[in-house]
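Worksheet: the structure to be examined is printed underneath.
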Amino acid sequence: AQIERSLVIVKPDGYRRGLTGEVLRRIEAKGYTLVALKVETADKARLAQHYAEHEGKPFYEPLVDFMSSGPATFVVIEGQDCIKGFRSLAGATNPTEAAPGSIRGDLGRDWGLAVQQNIVHGSDSTESAEREIGIWFPQG
Ligand code: DAT
Ligand code: MG
C-alpha cells in the first residue's frame, strides 16, 4: 500500500453528457485527492503518444477521433493505491460488462459503436501513470 498518482480523463462523452462532476464526486468520495485538473480538447499528436500501445488495432483510429472530438477533463489524482483503486471505480472497459456500481457500469454506453464510449480513462500501472501525467501535464 502506497501513495500513488494516476492520470484520469473524463472523456468527451462524459463531458458532453455533463458527467464530469459525477466522476469527480466519486473520486473524492473514495478519498482520493485532486492534484491537477484542466479542460482541453486533446490534439491527435498527444493522443498518439497516450495510446501508443493500441496503434494498429482496429479501434485505434476511431479512438483517437473520438478522444479529440471535443473537450475532455484531465485530472491527476492522488491516494493510497489509487491506480488500481480508480480502475476498480471505473469498471471493465466494455460498459455492458462493467459491474453496476462502477462508473462505466452505471453510466457508460456501448451501442455497437466503433469505439467504446466508456466515460473515463485511468492509468493502468505506475509506469503508465508517470508517462501519461508527463504527456498531459508537461509543466509538472
Ligand atoms: P481501458 O480504457 O479500460 O484501459 P484499453 O486500454 O484496453 O482499455 O483501451 C483503451 C480504450 O480503447 C478503451 O477505453 C475503449 C477503447 N477500446 C478498447 N478495446 C476496444 C474494443 N475492443 N472495441 C472498441 N473500443 C475499444
Ligand atoms: Mg488502458
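No hydrogens, no waters, no symmetry mates; every other heavy atom, side chains included, goes into these values. Both ligands and their constituent atoms are indexed starting at 1 by order of listing.
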Selection from Asn118, Val64, Asn94 by shortest heavy-atom distance to atom 15 (C) of ligand 1:
Asn118
Heavy atoms only: which of Phe66, Tyr60, Tyr51, Phe59 is nearest to atom 22 (N) of ligand 1?
Phe59
Purely on distance, is any nitrogen or oxygen of Lys11 under 3.5 Å from one on ligand 1?
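There is such a contact, yes.
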Output yes when the distance from some N or O of ligand 1 to some N or O of Gln116 is under 3.5 Å, and no in every other case.
yes
Name the residue from Glu53, His54, Glu55, Glu61 that meets the side-chain hydrogen bond (donor to acceptor under 3.5 Å, both in side chains) definition with Lys57.
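Passing option: His54.
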Looking at Glu132 and Arg46, is any side-chain nitrogen of the basic one under 4.0 Å from a carboxylate oxygen of the acidic one?
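Answer for the salt bridge query: no.
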Is any NZ, NE, NH1 or NH2 atom of the basic residue among Asp124 and Lys84 found under 4.0 Å from an Asp or Glu carboxylate oxygen of the other?
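The answer is no: the pair does not qualify as a salt bridge.
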Tell me whether the guanidinium CZ or amine NZ of Lys11 lies under 6.0 angstrom from the six-membered ring centre of Phe66 and within 45° of its axis.
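Judged by the rule (NZ or CZ under 6.0 Å from the ring centre, within 45° of its axis), Lys11 is not positioned above Phe66.
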Tell me the protein heavy atom at minimum distance from atom 1 (P) of ligand 1, and give that distance in Å.
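Looking only at protein heavy atoms, the one closest to atom 1 (P) of ligand 1 is Thr93 OG1, 3.6 Å.
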So which heavy atom in the protein is nearest atom 4 (O) of ligand 1, and how far is it from that ligand atom?
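Here the closest protein heavy atom is Arg87 NH1, 3.0 Å.
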At a 4.0 Å threshold, what atoms of ligand 1 neighbour a non-hydrogen atom of Arg104?
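Taking each heavy atom of Arg104 in turn, ligand 1 has 1 (P), 2 (O), 3 (O), 14 (O) under 4.0 Å.
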Residue Ala114 vicinity, atoms of ligand 1 by number, heavy atom under 4.0 Å
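Going through ligand 1 atom by atom, the ones under 4.0 Å from Ala114 are 24 (C).
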Yes or no: does Asp124 have any heavy atom under 4.0 Å from an atom of ligand 1?
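The answer is no: ligand 1 sits nowhere under 4.0 Å from a heavy atom of Asp124.
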Pair Val10, Leu19 - check side chain to side chain contact (heavy atoms under 4.5 Å, CB included), show working.
CA-CA 8 Å; Val10 184; Leu19 296 172; 5.5 Å; no
Can you tell me which portion of Lys57 lies within the under-4.0 Å heavy-atom range of ligand 1? Options are side chain, backbone, both, or neither.
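Neither part.
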At under 4.0 Å between heavy atoms, which part of His54 makes contact with ligand 1: side chain, backbone, both or neither?
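For His54, the contact with ligand 1 is made by the side chain alone.
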Stepwise side-chain hydrogen bond (donor to acceptor under 3.5 Å, both in side chains) check, Arg5 with Ser123:
CA-CA 9 Å; Arg5 288 183 174 191; Ser123 307; over 6 Å; no
Test item: Arg87 side-chain N/O and Gly122 main-chain N/O as donor-acceptor pair under 3.5 Å:
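Yes, because the side chain of Arg87 sits within donor-acceptor range (under 3.5 Å) of the backbone of Gly122.
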With side chain to side chain contact (heavy atoms under 4.5 Å, CB included) as the criterion, how do His50 and Leu7 come out once you've worked through the C-alpha distance, each side chain's angles and the decisive distance to 0.1 Å?
CA-CA 11 Å; His50 178 88; Leu7 189 273; 4.1 Å; yes
